[in-house]
There are 2 protein chains.
Amino acid sequence: MNYTEAKNELIQEWGILGSAWGINKTEAQIHGLLMISPEPLSVAEIMEELQISRGNVSMSLRALMDWGIVYKKFKLNERKEFFASEKDVWALATKVAEERQKRELKPVVKMLERIQEIKDTEADKAHVKEINKMSKELLKFAHQCDKVLKRFANSDSSWFFSTLVKLMR
Amino acid sequence: MNYTEAKNELIQEWGILGSAWGINKTEAQIHGLLMISPEPLSVAEIMEELQISRGNVSMSLRALMDWGIVYKKFKLNERKEFFASEKDVWALATKVAEERQKRELKPVVKMLERIQEIKDTEADKAHVKEINKMSKELLKFAHQCDKVLKRFANSDSSWFFSTLVKLMR
DNA sequence: TTAAAGTTTCAGAAATAATTGAAATATATA
DNA sequence: TATATATTTCAATTATTTCTGAAACTTTAA
């Protein structure tokens, strides 16, 4: 295995992983590329490396910056912008978890709260009972996950895992 | 809020959540429907409720059964099949987590293991160093997550959360 | 200013993914 | 076994998402 093969494998696989998790392939690939790059890269370098258009790179970088896992960097005496990825794996994971919670889980929690009080004399009693039970349990679960995530966000990897592993032995 | 409104909101939102996580909308909606249904439903009832084709229902149910969160049920004196969802929220969450780990995380771990040994005298030293460092850290993180997930799978919700919350206070 | 260098936007094209519906297959009952 | 009922499959269609490339916009520096 030489460097180029390894790089391509990683970028490829990172793209597949992204797709499976609802993140578009190009975004994930760009992130993979930046993640293993010792230096920040320019738009032109990313285009060249992944063989994609300027517009795509521009939009994908914006999305990655919105996730909070890619940053703009400036180089002395260079007019153009460079981009670098967060490299701390724990920081990456918590950033993504927080952002997904904000974007995708919160709306569900709001929905669950909205449907907590069903006033309905018409509907089948068993149906009302079941949706009430289920939505209450989902809400409880969501709140518990929230709590754990909050702690997550303020801790570091080594602390988290070591304590968890000790606890679970 | 009456029952029908609540049901529709839940199914709708459950579909959106699914899409954001790479699960197709219809599959998620069917799951939502079964989750709040006090009785197992037939294919015809699902078609009617969600206004989708027989083929779509059939394929989606198979996918949900592959996830391990929907089961076939038989009713006495009924020729056709009925379907029901796992209703325990903790069981749901761990099933999905295990399955995603198997399907999506394992290939990444394999890739990371493959690229652990780069033999390359040609390539830029800094690049090789960076990809080595990054892939080692990702692998370490993945292994730690694996370990936690394994414990997950054999535990129950109340134990997990109560210990975690105690721990994190 | 103005020109050059760089970045963003977005309408249309291309690629992917989801869905339908009808034929093929399977299963139960008389 | 034949027939009616139920389920699965898959080619064709439809819908959605992603990507491109050129124009519009922004920034820097002469």
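In what follows, chains are A, B, ... by sequence order, proteins preceding strands, each numbered from 1. Predicted, not measured: the structure shown is a model, and the values here were computed from it.
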Can you tell me how far CG of A/Leu34 sits from NZ of A/Lys73, rounded to the nearest 0.5 angstrom? 11.5 Å
Going by heavy atoms closer than 4.0 Å, what residues in residues 28-61 of chain A are next to DNA chain C? A/Arg54, A/Gly55, A/Ser58, A/Met59
Specify the separation, in whole Å, of atom NZ of B/Lys72 and atom P of D/dA6. 14 Å
When you check the gap from the basic side-chain N to the acidic O, do A/Arg103 and A/Glu99 get nearer than 4.0 Å? yes
B/Glu130 side, atom CD; B/Asp124 side, atom CG - distance, nearest 0.5 Å: 11.0 Å
Can you tell me how far the CG atom of B/Leu41 sits from the CZ atom of B/Phe83, to the nearest 0.5 Å? 10.0 Å
Summary of salt bridge (charged side-chain N to carboxylate O under 4.0 Å, His left out) pairs that have at least one residue in residues 26-45 of chain B, sequence neighbours excluded: none
Atom pair distance, as rounded to whole Å: CD in B/Glu27 and C1' in C/dT19: 12 Å
Write down the distance between CD1 (B/Ile23) and P (C/dA17), rounded to a whole number of angstrom. 15 Å
Once you round it to whole Å, what is the distance between P of D/dA4 and NZ of B/Lys80? 18 Å
Residues at least two apart in sequence or cross-chain that pass salt bridge (Lys or Arg N to Asp or Glu O under 4.0 Å) with A/Glu113, listed by chain then number, are none
Between A/Ile131 and A/His127, is there a side-chain heavy-atom distance shorter than 4.5 Å? no
Heavy-atom donor-acceptor pair, B/Asn56 side chain to B/Ile52 backbone, under 3.5 Å: no
For a quick check, with a 4.0 angstrom heavy-atom cut-off, what is the B/S/- contact string for nucleotides 25-30 of chain D, read 5' to 3'? --BB--
Calculate the interatomic distance between B/Phe83 atom CZ and D/dA6 atom C1'; express it in whole Å. 10 Å
Pull out every protein N or O sitting under 3.5 Å from an N or O of nucleotides 12-17 of chain D, one pair per line with the distance.
none

Euclidean distance, atom CG of residue B/Asp66 to atom C1' of D/dT8 [Å, nearest integer]: 14 Å
Distance, nearest 0.5 Å, that separates CG of A/Leu17 from CE of B/Met111: 8.5 Å
Applied to residues 47-56 of chain A, the salt bridge (charged side-chain N to carboxylate O under 4.0 Å, His left out) test, sequence neighbours excluded, yields A/Lys7-A/Glu49
Is the shortest side-chain heavy-atom distance between A/Ile23 and A/Trp67 below 4.5 Å? yes
Using whole Å, what does the distance between atom P of nucleotide D/dT7 and atom CE of B/Met65 come to? 11 Å
